[in-house]
*Asks:* 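What follows is a structure written as structure tokens; I'll ask about it next.
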Number of protein chains: 2
Amino acid sequence: MELKTIKKLMEKFANRKEQLYKQKEEGKKVFGMFCAYVPIELILAGNAIPVGLCGGKNDTIPIAEEDLPRNLCPLIKSSYGFKKAKSCPYFEVSDIVIGETTCEGKKKMFELMERLVPMHIMHLPHIKDEDSLKIWIKEVEKLKELIEKETDNEITEEKLKEMVDKVNRVRALFYKLYELRKNKPVPIKGIDVLKLFQFAYLLDIDDTIEILGDLIKELEEKVEKGEGFEGKRILITGCPMVAGNNKIVELIEEVGGVVVGEESCTGTRFFENFVEGYSIEDIAKRYFKIPCACRFKNDDRIENIKRLVKELNADGVVYCTLQYCHTFNVEGARVEEELKKEGIPVIRIETDYSESDKEQLKTRLEAFIEMI
Amino acid sequence: MELKTIKKLMEKFANRKEQLYKQKEEGKKVFGMFCAYVPIELILAGNAIPVGLCGGKNDTIPIAEEDLPRNLCPLIKSSYGFKKAKSCPYFEVSDIVIGETTCEGKKKMFELMERLVPMHIMHLPHIKDEDSLKIWIKEVEKLKELIEKETDNEITEEKLKEMVDKVNRVRALFYKLYELRKNKPVPIKGIDVLKLFQFAYLLDIDDTIEILGDLIKELEEKVEKGEGFEGKRILITGCPMVAGNNKIVELIEEVGGVVVGEESCTGTRFFENFVEGYSIEDIAKRYFKIPCACRFKNDDRIENIKRLVKELNADGVVYCTLQYCHTFNVEGARVEEELKKEGIPVIRIETDYSESDKEQLKTRLEAFIEMI
């Protein structure tokens, strides 16, 4: 019972590398990025291409561990390894890679990576206050200047407006998808939505819009017919799950759960909050709000999770941390506590990209899903 | 051949708890702190007491792991555990605890700790640029206001000048100690200097000045007589070694090395650079320069290590990382590379507060010291 649109998504993805090289041949510049904090509106307005970078595979970790400590998050090691091994087409096609001072593992890894590829680092401050916002607005302005310089294209007000509207359209479509997932049965599996988020970082934005539009139509029909998936409804929260890292979602859906939402950078943190206006400041403000655990006093994330559980009619929460990710790991204690206060079942999982913990995780998830 | 002054230091330390409670009874406020970034001049100028907090023992880690992940640096876990167990007199006597956004482990741990003790968090930005310095100056101003409010004492220009001069005097004395350690044989063992740094965070500043003055005289006499310690001269660099955590220095000096310097927060990062002027800005600027690995592009630390090796006539460098400390761990790769370029022998060690790796470390350090 595969969704037609997901089949199409996979085709688009399979074709992306070729399309990207073609776009580059036509003279477009490519900006690689790691993170949901990069304001892609600006890159698009510079007639350039934003593209997410690989970092979801175990294969590239050994080469990374030649330079990086073993005790470091697999996403960071895998990303670095992909660049070092030159095995990620998105890295290879990037003219410049945009990093940010989110978590310290990435921040310090960038000091090594910038010897392998031209990089530009955006300073995202630790705190969510007015002075920090001012720094962030300046950083977004600096990014605009960099893009203009690299692309030799002026980012006009008109062009920026067009792209703010376009990226907001993607956000609106993801919001619609979320609405549809409130239904019982839920018309789409979590694994398909995860792929959609993963590929939204990689695909051409017009393709993403097309796919999302088609998907929503297809899902609306299913909802009307009452078709979909039953099972314990799970909200996932925690570290991003970039392409290649589907382990937890697959396991949940193997043992009788169905993922109905993900509070994640491959999830709500990717699309929540519209850019409300057309200035650099408006853009900066939207991204500044992203409730990543790397920020100090990230209470809005906790509120968000509670709200999502209710809105999506979730039966329980799976809190996923990548091994050695201090920020999501430590914040997990408070999230767990707050959820328990509300009587919401929660299980915390720490994992990496290996297969070795799969059976053990399966047993734990099975028990959790039976219990709730 | 124990130094008289070190005996005196131990006595002062043994008496510190009682003295602190007495000072508190007399109406002085106590400000606990974790880190070399806290400008103690301001606390002293408010007629209050700055005191370092416990965090060097394994014993308090199990209770911390009830709330914090196992995969977190022992210093952070131990600190949190000390507060939770109420087993650190300096924590218990603190009216307020000053944290800072240095590493993310501490930053996120503070979100839990502030439920156990009143805290004030200073925002130290990731980057070493002008905008970040402006934020830091504001943070130092805010700290001044907080101290005035908490102590009900006005921090006058006069008082501030007095305390800037006093803390600079401590720095000058530590510089002198460093000069003396350049001698062959070196007149003092590393383990004694480590205790001096550890206790400098804990003792009354007047006692620290007295001890340092006495020690310098004692060491000058020894140098004149040509007395001291021979052995492979080691510079230690990396994570701080707070009171209780002497493992690596002890091991180095057991296997035929002698520690002649420490690029550490219990070392040069504690005293290098004077406050050059008497304004808040002057104070802020001095602390902003501290080359902690938590900062992005911390190249001055690498330059510092190379300079120290030369100045102290070190034969080799032991790079110490506390387990799961991403910043010092990742930065270690660049430090190692740069030292090797200069032909300086270096060994990298990752350890925690347990005794379990002691034999293995001893073997590695023995081999390293034989080799150099």
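Throughout, a chain's letter reflects where its sequence line sits, starting with A, and its residues are numbered from 1. Hydrogens, waters and symmetry mates play no part in the numbers below; they use all other heavy atoms, side chains included.
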*Asks:* My understanding is that only residues two or more places apart in sequence, or in another chain, count here; which of them pass salt bridge (Lys or Arg N to Asp or Glu O under 4.0 Å) with B/Arg295?
*Replies:* none

*Asks:* Say whether, by atom type as modelled, one donor and one acceptor occur between the side chain of B/Glu104 and the main chain of A/Cys103 under 3.5 angstrom.
*Replies:*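 No.
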
*Asks:* Taking A/Ile135, A/Thr321, A/Leu68, A/Asp67 one by one, which has the highest count of heavy-atom pairs under 4.5 Å against chain B?
*Replies:*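 The candidate making the most pairs under 4.5 Å is A/Ile135.
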
*Asks:* Take a 6.0 Å sphere around NZ of B/Lys57 and say whether it holds more than 12 heavy atoms from other residues, nucleotides or ligands.
*Replies:*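 Not buried by this count: 12 neighbours or fewer within 6.0 Å.
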
*Asks:* Which atoms of A/Asp131 are under 4.5 Å from chain B, going by heavy atoms: the side chain, the backbone, both sets, or neither?
*Replies:*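 A/Asp131 touches chain B through backbone and side-chain heavy atoms alike.
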
*Asks:* Any residues in residues 114-125 of chain B near chain A, with a heavy-atom distance under 4.5 Å, and which are they?
*Replies:*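 Listed by number: B/Glu114, B/Arg115, B/Ile121, B/His123, B/Leu124, B/Pro125.
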
*Asks:* Checking heavy atoms, do the side chain of B/Ser132, its backbone, both or neither come under 4.5 Å from chain A?
*Replies:*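 Answer is both: backbone and side chain atoms of B/Ser132 are under 4.5 Å from chain A.
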
*Asks:* Give a yes or no on whether A/Glu66 atom CD has more than 12 heavy-atom contacts from other residues, nucleotides or ligands under 6.0 Å away.
*Replies:* yes

*Asks:* NZ of B/Lys306: more than 12 outside heavy atoms within 6.0 angstrom?
*Replies:*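 It does: B/Lys306 NZ has more than 12 such atoms within range.
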
*Asks:* If we define contacts as heavy-atom pairs under 4.5 Å, which of B/Glu111, B/Lys134, B/Glu350, B/Arg348 has the most with chain A?
*Replies:* B/Glu111

*Asks:* Among residues 296-304 of chain A, which residues come closer than 4.5 Å to chain B, judged by heavy atom distances?
*Replies:*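 Hits under 4.5 Å: A/Phe296, A/Lys297, A/Asn298.
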
*Asks:* Counting a contact as any heavy-atom pair under 4.5 Å apart, which residues of residues 322-341 of chain B contact chain A?
*Replies:*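 At a heavy-atom separation under 4.5 Å, chain A is reached by B/Gln323, B/Tyr324, B/His326, B/Thr327, B/Asn329, B/Val330, B/Glu331, B/Ala333, B/Arg334, B/Glu337.
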
*Asks:* Would you name the heavy atoms of B/Thr101 and A/Ile127 that are closest together and state the gap between them?
*Replies:*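 Taking B/Thr101 first and A/Ile127 second, the nearest heavy atoms are CG2-CD1, 3.9 Å.
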
*Asks:* Does atom NZ of A/Lys289 have more than 12 heavy-atom neighbours from other groups under 6.0 Å away?
*Replies:* yes

